[in-house]
Amino acid sequence: MKLHMQILIALGLGIKRNGHIFIGLIAGIILGIILHKYQFTSEGEINKNVALIISILNVIGQMFIRLIQMIVIPLVCSAIIVGISSISDSRQLGKFGFKMVLYYGIITVIAVTIGSVLTLFVKPGVGVQQFISQSSSAIVQSQVKEAYIQQQDNLAQIFINMVPQNPISSIAQGDMIPVLVFALIFAVALAKVGDISRPIVGFFESVFAATMKVTDWVMNLAAPGVFALTTVAVSSFGAGIFSGLSGYFGVLIIGLLIQLCCVYPILMKLFSKVPVAVFFASITEAMMVAFGTASSSATLPLTMACCEKRGISHKVCSFVLPLGATLNMDATALFQTVAVIFLTQAYDVSLSVFQIIQIAFFAIVASSTCAGIPGAGLITIAVILNGLGLTAEQLVEGFAFLFAIDRILDMFRTMLNVTSDAVVAAIVADNENELNYEMLNNFDEQELIE
Ligand code: ASP
């Protein structure tokens with residue numbers, strides 16, 4: 001069977017197995033569209049009933065996200081410390097690291113290539129300038145201006161901030177990259193000091209087991225959580241958002257589909273013997289939660305649970321997935337490339353080949369340094385938009401325009417960011433004999449697919 005068909009069937013089966021989350025997702029989209037339609041009364045006033053429903057659902061959705069977020073930092077710290085300290089051979093750690101960077105790199109380079117080729121070919125931005133200036137309100141523009149100024153010259157600072165000055169304060173602020181850097185260095189040190197590390201490693205083993213238990217509990221709430229989050233998100237833009245901007249949406253969705261249905265499976269086939277369809281069916285749960293939350297970091301506990309239950313060793317999961325949740329944002333990089341080229345087309349700025357490569361390069365850097373939280377990919381676009389020949393007004397206006405329609409795109413790209421983390425974890429695990437094929441192949445739906 002063709003690979004992309006296998007993926008679609010696998011996703012269908014995964015959805016069937018997690019039907020309750022999928023129903024939550026679809027019901028959320030439908031209710032969101034209805035609420036958007038009736039948000040104003042016929043007299044043009046705010047419909048109080050609709051506002052009440054949205055605020056109740058917002059409370060439920062935010063509580064769900066916070067419940068998962070609350071375990072992310074303890075999970076990341078304990079997973080990395082337990083996983084890495086168990087790799088006593090530093091050559092093995094080096095191999096994991098090298099392969100992880102290699103595969104994440106390949107996936108992201110392909111993503112920006114697809115994004116730029118599609119946008120240059122389809123030209124979705126041509127002729128939409130007028131639409132851009134009408135649609136971005138003055139309030140949004142002023143908010144965006146602030147965010148833009150903050151980000152503009154921020155590249156050097158982004159790198160400096162990766163190294164924590166005080167790990168406790170990074171942990172308290174939930175700053176993932178410095179926390180990862182600290183946990184990695186600390187874990188390698190624990191692996192080197194021998195037996196004396198036992199009490200600390202034992203402590204983090206308990207923390208890890210407890211956080212995974214909490215993840216199981218929280219996941220029982222995934223259906224109402226995803227329903228509430230999706231309804232609130234969709235109610236803010238309704239269905240009308242798709243009309244008028246079909247070119248921009250179309251290019252992005254096609255790009256993301258190519259990445260999901262062709263690039264990931266081909267890489268899995270080329271570099272591993274992981275059964276593609278079985279694997280996709282086993283991570284659908286994480287993909288749906290990623291869609292609902294629009295946050296790779298918040299989805300991390302679930303991504304880890306899916307991968308470990310399907311046979312990827314703890315060593316690989318604890319290393320590759322937390323790093324992937326912050327550093328590997330291939331779908332965000334694809335989105336950023338499309339969005340930036342789209343804006344230059346809208347404002348009739350012609351790009352040289354060098355500038356296109358520059359956009360792709362900065363998209364890789366900006367996406368890898370952005371946090372796995374909603375909207376982060378859009379904010380870091382400011383880094384890429386610099387120096388492309390757009391005026392300050394155009395930059396703010398265009399940026400505000402992208403801002404207004406970002407949430408739905410964020411949901412899609414987060415789903416892919418999470419999928420590619422799991423795909424790379426599976427490939428690295430296969431290469432390093434860290435994948436338990438018996439566990440993976442005992443996945444009940446396998447016969448149906450092959
Ligand atoms: N929300 C995305 C993520 O968490 C990042 C982005 O805004 O693109 O993966």
Side-chain angles (χ1 to χ4, degrees), residues 61-62 64-66 68-69 72-73 75-76 104 107-108 111-112 114-115 144 147-148 150-151 154 158 174-177 179-180 225-226 229-230 232-233 236-237 248-249 252-253 255-256 259-260 264 283 286-304 320-340 342 360 362-385 399 402-425:
Q62 290 307 317
F64 172 70
I65 285 217
R66 280 169 167 255
I68 338 185
Q69 276 172 339
V72 169
I73 292 281
L75 176 79
V76 166
Y104 280 154
I107 279 189
T108 311
V112 293
I114 293 175
V144 161
Y148 177 70
Q150 268 177 22
Q151 286 290 323
N154 220 7
I158 290 174
D175 269 348
M176 279 289 272
I177 297 186
V179 171
L180 284 174
V226 167
L229 287 168
T230 313
V232 175
S236 67
F237 48 74
Y248 177 59
F249 272 109
L252 267 166
I253 298 298
L256 294 177
Q259 190 77 350
L260 178 71
Y264 300 162
I283 55 165
M287 290 170 73
M288 286 193 280
V289 171
F291 186 85
T293 58
S295 167
S296 309
S297 293
T299 316
L300 179 63
L302 187 64
T303 322
M304 290 196 68
V320 176
L321 293 175
L323 286 168
T326 20
L327 301 181
N328 173 46
M329 302 266 177
D330 57 321
T332 299
L334 189 151
F335 151 78
Q336 291 179 328
T337 321
V338 172
V340 170
F342 168 83
F362 277 119
I364 295 174
V365 178
S367 65
S368 326
T369 52
C370 89
I373 54 172
L378 182 64
I379 297 294
T380 46
I381 258 186
V383 172
I384 314 170
L385 278 170
F399 200 57
L402 298 177
F403 190 79
I405 54 170
D406 189 55
R407 178 66 190 204
I408 179 76
L409 295 172
D410 197 3
M411 293 161 108
F412 281 106
R413 60 183 192 254
T414 307
M415 187 171 86
L416 266 83
N417 286 339
V418 165
T419 309
S420 65
D421 295 343
V423 164
V424 169

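Computed from a predicted structure; not experimentally measured. We count ligands from 1, going down the list as the structure has it; atoms in each ligand are counted the same way. Hydrogens, waters and symmetry mates play no part in the numbers below; they use all other heavy atoms, side chains included.
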Self-check item: Distance from atom 1 (N) of ligand 1 to nearest protein heavy atom, with residue and atom
Solution: Asp410 OD1, 2.7 Å
Exercise. For atom 7 (O) of ligand 1, find the nearest protein heavy atom and state the residue, atom name and distance (0.1 Å precision).
Key: Gly377 N, 2.7 Å
Do the side chains of [Y] and [X] get nearer than 4.5 Å, heavy atoms only?
X	Y	value
Ile73	Met176	yes
Leu300	Pro322	yes
Ile283	Thr419	yes
Phe335	Leu378	yes
Ser368	Thr108	no

Short list, please: which atoms of ligand 1 are under 4.0 Å from a heavy atom of [X]?
X	value
Arg413	6 (C), 7 (O), 8 (O)
Ser295	4 (O)
Asn417	3 (C), 9 (O)
Gly375	7 (O)
Thr332	5 (C), 6 (C), 8 (O)
Ala376	7 (O)

Quiz item: Can you tell me if Ser295 uses its side chain to pair, donor with acceptor, with the backbone of Gly372 under 3.5 Å?
Solution: yes
Quiz item: Can you check whether Leu321's main-chain N or O pairs, donor with acceptor, with Asp421's side chain at less than 3.5 Å?
Solution: no
Quiz prompt | Structural part of Ile373 in contact with ligand 1, heavy atom criterion under 4.0 angstrom | solution = backbone
Self-check item: Side chain, backbone, both or neither: the part of Ser296 lying under 4.0 Å from ligand 1 by heavy atom
Solution: both
Nitrogen or oxygen of [X] less than 3.5 angstrom from that of ligand 1:
X	result
Ala294	yes
Gly372	yes
Met329	no

Quiz prompt | Over all atoms of both residues, closest heavy-atom pair of Ser420 and Asn328 | solution = OG-ND2, 2.8 Å
Quiz prompt | Reported CD-to-CD1 distance for the pair Gln259 and Ile114, which is rounded to 0.5 angstrom | solution = 4.5 Å
